[in-house]
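Just so it is clear, the values below take in all heavy atoms, side chains as well, and ignore hydrogens, waters and symmetry mates. Reminder, nothing fancy here: chain letters follow the sequence lines and each chain counts from 1.
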2 protein chains.
Amino acid sequence: MKISTKGRYAVRVMLDLAAHNTGEYITVKTIAERQDISEKYLEQIISVLNKGGFVRSVRGAQGGYRIAKEPSDYTVGSILRLTEGSLAPVACLDSAENECERCDTCETLDVWRQLADAINRVVDGVTLQDLLDRQNSRLGDSYII
Amino acid sequence: MKISTKGRYAVRVMLDLAAHNTGEYITVKTIAERQDISEKYLEQIISVLNKGGFVRSVRGAQGGYRIAKEPSDYTVGSILRLTEGSLAPVACLDSAENECERCDTCETLDVWRQLADAINRVVDGVTLQDLLDRQNSRLGDSYII
DNA sequence: TTAAATCATATTAAGTCAATAGGAAATACC
DNA sequence: GGTATTTCCTATTGACTTAATATGATTTAA
């Protein structure tokens with residue numbers, strides 16, 4: 001029941017780009033250094049974000065990435081689903097093909113459905129903007145002290 | 001973010017034993033047939049349940065397993081935690097040793113904490129007795145029809 | 001004594017994770 | 001036009017996990 005590094009890194013990358021959302025393009029190298037993530041691994045992850053239209057890229061020298069839309073347009077759930085795949089705790093709930101022929105009489109399916117709902121409610125209830133706001137208010141606190 | 005077969009099977013085994021809670025001992029073979037799970041694999045899983053004190057066993061001929069306490073004493077969460085280990089969505093939350101030195105400044109930790117809470121709330125809010133009750137009320141429905 | 005059963009441990013095949021590696025293609029800058 | 005920079009693409013790897021299967025020792029009722 002763990003979220004893999006891929007999904008977690010993806011959230012951090014998006015949050016990094018959201019925090020540096022000036023319209024300028026940022027290189028993988030810069031993000032990798034800031035976030036302390038392997039540059040080559042990050043390349044793969046950001047490639048998924050790019051293909052999903054979550055970021056925009058410019059190739060070549062002086063190129064890089066920037067967030068495609070506003071931070072408030074991205075929920076943590078949308079990022080995780082793009083990079084991790086389904087967040088459903090059991091395969092039966094992945095609508096695509098639920099091969100389990102026990103589904104009709106499955107006594108536990110209801111629990112998994114509740115669990116999926118609870119998970120979705122949390123991750124879809126938090127946007128990158130929310131995370132930025134929390135971050136800023138925490139920084140604000142430390143200034144007061 | 002999937003619950004493994006180990007955990008899911010464990011819940012089914014416990015539910016099976018809860019549904020046949022007559023005080024008699026039931027063999028792995030019987031459960032395996034009823035639940036359509038590999039007998040040998042089930043042996044391993046039930047061994048964990050046994051060591052955790054969730055079931056009681058009698059060795060030798062005419063031996064088997066039975067649920068140790070009342071079905072209402074077992075939440076789905078307790079069974080999953082025993083067989084799957086921690087249900088925390090990120091390792092940082094596994095109190096034992098949170099190696100991540102970013103924890104203090106981690107902007108995403110809060111989301112994972114919320115997620116863990118939501119997950120725990122669901123799985124700890126459902127007992128085997130609840131599942132039995134739902135099962136019976138569903139059977140009841142079909143009798144009416 | 002025998003058959004039935006739990007208990008214990010080792011092995012395996014397939015898959016996933018988290019990278020690393022090597023190079024092709026595009027582009028700003030001199 | 002050449003060069004350095006940077007994205008883009010795909011393959012490979014080593015470690016680990018998953019979901020079993022296999023083998024046999026131990027216990028016990030009949």
Asks: Within this structure, what is the CZ-to-C1' distance between A:Arg66 and D:dT7, rounded to whole angstrom?
Replies: 16 Å

Asks: How long is the straight-line distance from OG1 of A:Thr108 back to OH of B:Tyr9, given to the nearest 0.5 Å?
Replies: 11.5 Å

Asks: Measure from the side-chain heavy atoms of B:Thr27 and tell me the nearest of C:dA8, C:dT6, C:dT9.
Replies: C:dT6

Asks: Check if the side chain of A:Glu39 and the base of D:dT6 share a donor-acceptor pair of N or O atoms closer than 3.5 Å.
Replies: no

Asks: Between the base of D:dT26 and the side chain of B:Arg59, is there a donor-acceptor distance below 3.5 Å?
Replies: yes

Asks: Does A:Thr5 put a side-chain nitrogen or oxygen below 4.0 Å from OP1 or OP2 of C:dA18?
Replies: yes

Asks: Considering only heavy atoms and no angle criterion, is a donor-acceptor pair shorter than 3.5 Å present between the side chain of B:Lys40 and the base of D:dT23?
Replies: yes

Asks: In this structure, how many angstroms lie between the C1' atom of D:dT18 and the CD1 atom of B:Ile3, rounded?
Replies: 15 Å

Asks: Round to a whole Å and report the spacing from CD of A:Glu24 to P of D:dT6.
Replies: 13 Å

Asks: Can you check the B:Tyr25 OH to D:dT27 P distance for me, whole Å?
Replies: 18 Å

Asks: For B:Tyr9, report the nucleic acid contact type (base, sugar-phosphate, nothing); a contact means any heavy atom under 4.0 Å.
Replies: sugar-phosphate

Asks: Does the ring centre of B:Tyr25 sit less than 6.0 Å away from the ring centre of B:Tyr65?
Replies: no

Asks: Rounding to a whole Å, what distance do you find between B:Arg56:CZ and C:dC7:C1'?
Replies: 18 Å

Asks: When you check the phosphate oxygens OP1 and OP2 of D:dC8, does a side-chain N or O of A:Ser57 lie under 4.0 Å from one of them?
Replies: yes

Asks: Is any N or O donor-acceptor pair between the side chain of A:Gln62 and the base of C:dC29 shorter than 3.5 Å?
Replies: no

Asks: Strictly below 4.0 Å: does B:Ser47 bring a side-chain N or O up to OP1 or OP2 of C:dT6?
Replies: no

Asks: In this structure, how many angstroms lie between the P atom of D:dT17 and the OH atom of B:Tyr41, rounded?
Replies: 14 Å

Asks: With a 4.0 Å cut-off on heavy atoms, is A:Lys51 in touch with a base, just the backbone sugar-phosphate, or nothing at all?
Replies: sugar-phosphate

Asks: For C:dC7, take OP1 and OP2 only and decide whether either is under 4.0 Å from a side-chain N or O of B:Tyr65.
Replies: yes

Asks: How long is the gap from CE on A:Met14 to OG on A:Ser78, to the nearest 0.5 Å?
Replies: 7.0 Å

Asks: Nearest heavy atom decides the nucleotide; on that basis, is A:Ser4 or A:Glu43 closer to the 5' end of DNA chain C?
Replies: A:Ser4

Asks: Under a 4.0 Å N-O cut-off, is there an ion pair linking B:Asp36 with B:Arg12?
Replies: no

Asks: In whole angstroms, how far is the P atom of C:dA8 from the CD1 atom of B:Ile45?
Replies: 16 Å

Asks: Looking at B:Asp110 and A:Arg138, is there a salt bridge between them, counting it only when a charged N and a carboxylate O are closer than 4.0 Å?
Replies: no

Asks: Can you tell me how far P of C:dT6 sits from CG of B:Leu17, to the nearest Å?
Replies: 11 Å

Asks: Give the nucleotide from the list D:dC8, C:dT20, C:dA3 with an atom nearest to the side chain of A:Gln44.
Replies: C:dT20

Asks: Quick one, A:Val13 and A:Gln35 - any side-chain contact, counting heavy atoms below 4.5 Å?
Replies: no

Asks: Determine: side-chain N/O of B:Asn50 to OP1/OP2 of C:dT6, distance under 4.0 Å, yes or no.
Replies: no

